[in-house]
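Remarks on the structure that follows.
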Amino acid sequence: MTITLQSLVCDRWVAPEGGLVEIASAIDGRPVARASSAGLDFRAMVDHARTVGGPNLRKLSFHQRADMLKALGAYLTERKEQLYSLATEAGANRRDNAIDIDGGLVTLAAFASRGRRELPDTPFISEGEVESLSKRGSFVGQHILVPRRGVAVHINAFNFPCWGLLEKLAPALLAGVPVIAKPATATAYVAEALVKLIDESKLLPQGALQLICGSIGDLLDHLNGQDVIAFTGSLETSEKLQAHPNVARHAIRFIAERDSLNAAILGADVTPDAPEFDLFVREIVREMTAKAGQKCTAIRRVLVPRALEAAVIDALKAKLAEVKLGDPRTDDKAMGPLVSRAQREAVRAAIATLQSEAEIVFGDPNACAGDGIDVEAGAYFAPVLLRAREPMQARLVHATEAFGPVATVLAYDDVDQAIELVARGEGSLVASLFTYDDAVAEQMILGVAPFHGRLLIVDRDDAAESTGHGTPLPALLHGGPGRAGGGEELGGLRSVHHYLQRTAIQASPRRLAALTGTWSRGAPAPAAEVHPFKLNFNQLEIGQSIETASRPITLDDIEHFAHFTGDTFYAHMDEAAAKANPFFPGRVAHGYLILAFAAGLFVDPAPGPLLANYGLDNLRFLKPVSPDDTIKVKLTVKQKSPARRPEYGEVRWDVEVVNQNGEPVARYDLLTMSARPAA
Ligand code: NAP
């Protein structure tokens, strides 16, 4: 049965009013769905996102939105089989679906957990340290990041209907910005099913997510400078959208992930019997065949030392000859079809272009076969390997992306030439290098890094655990300069920042502390009436401080500490040797002794609401402490954050240790866990 895809508009599923485009099964050309966005009110969608979705999301803190993503991931994981079976129609077998569907769910979970761990439970983020802007310290600066008051428009490519949607959705929702998603029409039935599950979960607030199946109509005309467009697809489409007059007029933030002529390079040090040789061959074949080569990160250019060109081609041919084509519904081991027959024609046309500079050394673009498959009605296409005739003269090989199981071998004469060839791709998402030689690795890494968002170095030490050339990871950057679009997705929380506005706030330390909930030097620090360790998390106030009594540090203390701990470093034990050291006036106290005495000065010994000290941050020893110096400590509540368990709260204390002249000798943040009684 052919499904007519619906769009999710202003929290209602809406059927198209006409202009239906038929989407055929990749397996046998049967119609599987029809799509159109005719009749959709794009202005209303934008208004709904701005007036309903945005405010609903911004009512939640970063932690609440992270919890929402976590719950959504769990909900979808239980129901992912529905998506698996639907996605086979797009040519994806179980292994391909693991990349798209499970990959999307892993990314969602990764953002949920990072949001919890790395973002504050506040409506905005303070970024970096307070910047000192004045002599007396009464005027300081701080960058903050606030959710934009617009909508995130996500336009996706056909090859990852789930991962593409989720890897963009997670950072936008975490940031507090509602999304209008527009999947590629060729696989929109998978994306529609995913959004139907998300909608049924009722886990997102109203207006947080809308979906367009079909074209985007006049959507871009309704956007403004608070909005963000995140696009994945071809260079041509991205160029068109970026040149849209309204996008240019409002300087709408545009994140582009587009085609890329990714390279894999075999190091000049590698011999045919080295483990790196086999690893290289295996990775090329894996990248050519996973998702039938329809991955933006797939290896398109295979760079090999000239002396190994024939050996590499022979090894690749032998492996590629083992690749079978098969029906993705029943065969997990074989390679499935391309997404559509139109895509197959596009791949054939790209190969024809490449042939002006390269010869086919394996495969035939017009012939393929497999058991139990209809190679004519389906979009099956067997791997094709080419060899560049004159790599240094070639131009099209570095600019033509055959988006299928296709790669071209290019021979190079030395490392500089390999770097030059890689750079001719004018910017790619990823390159991988196979070498066991430190000098080759360093020269290649520094030579090609400016042209890439990610570099993978594979050798016998990391191969077993390597995540592979083609796998973008939530923790690492996905994107690349130039041809690859200049975008930066994933990369930990970097992609969340795309949906936030960075604003520099210049003010007094008092004003900033009140805004950010973080005390900084120069802000009021009223003396606490009781020892603050006696106060629970709810009772503690930012800026509350105590100043301790003084304590001298004697030579006996230093010697006792040295023998007790075993730290008899000469700077503490030998006056002449210490004096000869450029940093010390003579024997000095151990830094750890200063910390230990500081704790002895500021702790309140009795059991109370302060439960544990779990670390120090930003520790600096600023000035040596000599025998018979005196120290005292100022302890100030710097920041409070609720812990994941509601009965605890994390407290960050500013600790400053000063000597008898009031000069700071050590500064650090002390991290403690305090009891947090139910309010
Ligand atoms: P595409 O033809 O450029 O389409 C990408 C998206 O743009 C689709 O949703 C498409 O919708 C939409 N679109 C096309 N023309 C448009 C227009 N005039 N106005 C508004 N939207 C428009 O790319 P594709 O064929 O889907 O994907 C393959 C390409 O994507 C390859 O080049 C691949 O390298 C690249 N890719 C890059 C990455 C990455 O992360 N860098 C990831 C995956 C894919 P319709 O489908 O409705 O036309």
Side-chain angles (χ1 to χ4, degrees), residues 5 7 16 19-21 23 33-37 42 90 99-100 103-104 107 153-165 167-168 180-192 211-221 223 229-244 246-247 254-262 291-300 338-340 342-347 350 399-404 406 425 427-430 452-454 470-472 477-491 495:
L5 303 183
S7 294
L20 292 170
V21 173
I23 307 170
R34 286 184 293 252
S36 162
S37 61
F42 296 101
I99 305 174
D100 183 35
T107 306
V153 173
H154 292 167
I155 302 174
N156 279 315
F158 72 80
N159 55 340
F160 288 114
C162 293
W163 178 83
L165 195 139
E167 64 98 19
K168 285 187 170 61
I180 297 177
K182 186 274 184 260
T185 302
T187 51
Y189 49 95
V190 185
E192 189 227 36
L211 177 76
I212 298 170
C213 289
S215 78
I216 59 167
D218 64 356
L219 179 72
L220 300 191
D221 292 334
L223 302 185
I229 300 172
F231 169 83
T232 298
S234 62
L235 188 151
E236 294 71 26
T237 310
S238 144
E239 243 180 335
K240 229 183 272 171
L241 298 179
Q242 277 174 287
H244 188 285
N246 196 45
V247 173
F254 196 102
I255 303 148
E257 298 293 344
R258 50 193 205 191
D259 47 296
S260 171
L261 278 300
N262 311 294
K291 282 195 71 77
Q294 300 165 109
K295 283 196 311 175
C296 53
T297 49
I299 296 167
R300 305 289 173 206
L338 297 175
V339 72
S340 64
Q343 184 61 23
R344 181 166 64 187
E345 287 318 307
V347 172
T400 309
E401 185 197 36
F403 204 59
V406 182
S428 300
L429 297 167
V430 53
H452 293 87
R454 181 165 64 85
T471 311
L477 201 68
H478 173 63
R483 174 185 298 279
E488 290 191 352
E489 289 188 334
L490 306 179
S495 54

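Ligands are counted one by one from 1 in listed order, and the atoms in each one are counted from 1 as well. Sequence positions, counted from 1, serve as the residue numbers for this chain.
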How many angstroms lie between atom NZ of K168 and atom OG1 of T107, to the nearest 0.5 angstrom?
-> 11.5 Å

K240 NZ to F231 CZ distance, which is reported to the nearest 0.5 Å | 9.5 Å

Atom 47 (O) of ligand 1: closest protein heavy atom, distance to 0.1 Å, is T185 OG1, 2.5 Å

State the atoms of ligand 1, each with its element, that fall below the 4.0 Å cut-off from a heavy-atom position in P183.
-> 9 (O)

Side-chain heavy-atom pair V247, L223 within 4.5 angstrom cut-off = no

Ligand 1 versus L235, non-hydrogen atoms closer than 4.0 Å: side chain, backbone, both, neither?
-> neither

Is there a donor-acceptor pair under 3.5 Å between the side chain of R300 and the backbone N or O of A402?
-> yes

What distance separates L165 CG from H154 NE2, expressed to the nearest 0.5 Å?
-> 8.5 Å

Considering the heavy atoms of R258, write down every atom of ligand 1 situated less than 4.0 Å from one of them.
-> 37 (C), 41 (N)

What residue and heavy atom of the protein are closest to atom 5 (C) of ligand 1, and at what distance?
-> T232 O, 3.5 Å

Can you find a heavy atom in the side chain of V153 that is under 4.5 Å from one in the side chain of I216?
-> no

Short question: side chain of T187, backbone of F158 - any donor-acceptor pair under 3.5 Å?
-> yes

Within 4.0 Å of some non-hydrogen atom of N159, the atoms of ligand 1 are 43 (C), 44 (C)

Under 3.5 Å, side chain of R258 to main-chain N/O of R483, donor-acceptor pair present?
-> yes

Tell me: protein heavy atom nearest atom 33 (C) of ligand 1, and distance?
-> F403 CE1, 3.3 Å

Just let me know how N156 lines up against ligand 1, side chain, backbone, both or neither, with a heavy-atom cut-off below 4.0 Å.
-> backbone

Going by heavy-atom distance to atom 45 (P) of ligand 1, choose the closest among K182, K295, Q294.
-> K182

F231 contact mode with ligand 1 (heavy-atom cut-off under 4.0 Å) | side chain

Nearest heavy atom to atom 38 (C) of ligand 1 wins, so pick from A256, A484, C296, G233.
-> C296

Closest to atom 23 (O) of ligand 1 (heavy atoms only, candidates A157, S234, A184) is S234

Hey, what do you get for CD (Q242) to CG (L220), rounding to the nearest 0.5 Å?
-> 11.5 Å

Give the residue, atom name and distance (to 0.1 Å) of the protein heavy atom nearest atom 19 (N) of ligand 1.
-> L241 CD2, 3.4 Å

For atom 26 (O) of ligand 1, the protein heavy atom that lies nearest, with its residue and separation | F158 N, 3.1 Å

protein heavy-atom neighbour closest to atom 40 (O) of ligand 1 works out as H478 NE2, 2.9 Å

How close does the nearest protein non-hydrogen atom get to atom 12 (C) of ligand 1, and which residue and atom is it?
-> I155 CG2, 3.8 Å

Interatomic distance, I99 atom CD1 to K291 atom NZ [nearest 0.5 angstrom] | 7.0 Å

Who gets closest to atom 16 (C) of ligand 1 by heavy atom: I216, V153, T237?
-> T237

Could you tell me the residue and atom name of the protein heavy atom closest to atom 32 (O) of ligand 1, and the distance to it rounded to 0.1 Å?
-> E401 OE1, 2.7 Å

Distance col, row R454:CZ vs T297:OG1, nearest 0.5 angstrom, shows 6.5 Å

